[in-house]
Amino acid sequence: MSKARGLADLGNVYNDGALSNRNLIINGAMQVAQRGTSFAGLTTPGYYGCDRFKANMTSGVAGTHTVTQAADGPAGFSSSHKIEVTTAEASPAAGSIIYLDHKLEGQNLSQLKKGTASAESVTLSFWVKSNKTGTYNLEFEDSTNSRDIIAAYTVDVSATWEYKTITFAGDVTGTFTSDNTQAARVLWWLAAGSTFSSGTRNTSWAATVNENRAVGNVNLADTIGNYFQITGVQLEVGDTATPFEHRSY
């Protein structure tokens with residue numbers, strides 16, 4: 001390869017946002033679990049297991065769960081964030097929810113240019129493993145302006161690590177606050193009652209409506225022993241998922 005070609009390729013990589021510090025997710029490799037590595041009998045929301053990833057569940061009406069930092073991952077990853085059902089709820093009440101989320105501070109999102117004509121698309125990539133196959137919803141929420149965009153993905157093969165990538169279009173409406181408060185969230189929906197699943201997905205940016213957030217989602221809580229694991233979570237500017245950015249800590 002000529003030096004000119006090499007420089008040109010490097011320029012393309014730079015333009016695609018593929019150099020360092022591109023991952024907007026903190027602890028995406030699930031290496032840090034400062035609060036502890038295993039929490040059992042859970043019925044209420046909280047930060048259990050891996051740092052920065054919150055397990056949200058409705059008290060007493062969505063079963064009970066164990067959340068762990070599991071010593072399990074696809075090639076290149078030694079840990080994952082796992083939620084497992086220990087008491088089942090086959091018919092969730094209308095207001096029942098189970099989801100994992102990751103919060104993002106506004107001061108870390110300036111490069112998204114949200115609320116301008118130059119708003120950037122973002123791509124989320126992650127590894128997922130579950131024994132519950134079927135359709136899941138992934139929500140990217142603008143917490144500042146109560147807006148969201150939602151994509152469906154499928155777990156195709158039981159108990160097998162699968163790589164998923166989802167690109168969300170840029171939003172020309174509503175700017176993020178540029179401080180250390182929550183401006184956005186990524187939500188992995190795992191189960192929901194009709195209050196959160198009886199509408200139509202916002203597949204383009206729109207005002208957040210609860211009924212639209214988990215349409216057609218599987219009910220992870222329907223059987224004891226069902227589990228959901230993620231690792232290698234990366235959110236980056238652009239419409240292309242690049243290799244996971246491993247960082248020391």
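Note that this is a predicted model, so its numbers are computed, not measured. We number each residue from 1, following the sequence as shown.
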- Partners meeting side-chain contact (heavy atoms from CB on, under 4.5 Å) with E211 (sequence neighbours left out):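 In terms of side-chain contact (heavy atoms from CB on, under 4.5 Å), with neighbours along the sequence ignored, E211 is linked to S198, V209.
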
- Residues two or more places apart in sequence or in another chain: which of them pass side-chain contact (heavy atoms from CB on, under 4.5 Å) with Y163? S125, W127, T165, A241

Transitively linked via ILVMFWY side-chain contacts under 4.5 Å: [X] with [Y]?
X: V233; Y: V237; result: yes
X: F77; Y: I26; result: no
X: Y47; Y: F228; result: no
X: I150; Y: I166; result: no

Quick one: pull up [atom1] in [X] and [atom2] in [Y] and give me the separation to the nearest 0.5 Å.
X: L100; Y: N56; atom1: CG; atom2: CG; value: 8.0 Å
X: R247; Y: N21; atom1: CZ; atom2: CG; value: 5.5 Å
X: I98; Y: M57; atom1: CD1; atom2: CE; value: 7.0 Å
X: N131; Y: T223; atom1: CG; atom2: OG1; value: 8.0 Å
X: Q69; Y: N27; atom1: CD; atom2: CG; value: 8.0 Å
X: I149; Y: N202; atom1: CD1; atom2: CG; value: 8.5 Å

Are the side chains of [X] and [Y] in touch, meaning some heavy atoms are under 4.5 Å apart?
X: R35; Y: D51; result: yes
X: R213; Y: L187; result: yes
X: F140; Y: L104; result: yes
X: W189; Y: I97; result: yes
X: W161; Y: T231; result: yes
X: Q111; Y: L24; result: yes
X: K132; Y: N219; result: no
X: Y99; Y: R185; result: yes

Can you tell me if [X] uses its side chain to pair, donor with acceptor, with the backbone of [Y] under 3.5 Å?
X: N137; Y: G216; value: no
X: E236; Y: T242; value: yes
X: T116; Y: S118; value: yes
X: S130; Y: Y227; value: yes
X: S197; Y: A214; value: no
X: Q234; Y: E245; value: yes
X: K164; Y: T154; value: yes

- Message: Run F244 and N23 through side-chain contact (heavy atoms from CB on, under 4.5 Å) and show every step you take.
- Response: CA-CA 8 Å; F244 184 81; N23 192 1; 3.6 Å; yes

Can you name the closest pair of heavy atoms from [X] and [Y] and give their distance?
X: V122; Y: L112; result: CG1-CG, 3.7 Å
X: A221; Y: V85; result: CA-CG2, 3.7 Å
X: A207; Y: D148; result: O-OD1, 4.2 Å
X: C50; Y: S80; result: SG-O, 4.0 Å

Do the side-chain N and O atoms of [X] and [Y] include a donor-acceptor pair separated by under 3.5 angstrom?
X: T133; Y: S158; result: no
X: S96; Y: E89; result: no
X: T43; Y: T64; result: no

- Between W188 and F126, what is the ring plane arrangement, given parallel below 30°, perpendicular above 60°, and tilted in between?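 Aromatic pair W188/F126 classed perpendicular.
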
- Any idea how H102 and F53 line up, ring-wise: parallel (<30°), tilted (30 to 60°), or perpendicular (>60°)?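 Answer is tilted, since the angle falls between 30° and 60°.
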
- Item | Qualifying salt bridge (charged side-chain N to carboxylate O under 4.0 Å, His left out) pairs with a residue from residues 67-76, counting only residues at least two apart or across chains |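 As it turns out, the salt bridge (charged side-chain N to carboxylate O under 4.0 Å, His left out) pairs with a partner in residues 67-76, which skip direct neighbours, are D72-K129.
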
- Carboxylate-amine/guanidinium contact D171 K114, below 4.0 Å: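 Yes, this pair counts.
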
- Item | Sub-6.0 Å ring centroid separation between F168 and W205 |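 Ring centroids of F168 and W205 are no less than 6.0 Å from each other.
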
- From CA spacing to verdict: side-chain contact (heavy atoms from CB on, under 4.5 Å), V128, V155: CA-CA 8 Å; V128 60; V155 171; 4.2 Å; yes

- Decide side-chain contact (heavy atoms from CB on, under 4.5 Å) for Q31 and H246; before the verdict, give the C-alpha distance in whole Å, the side-chain angles of both, and the deciding distance to 0.1 Å. CA-CA 10 Å; Q31 294 170 288; H246 288 276; 5.7 Å; no

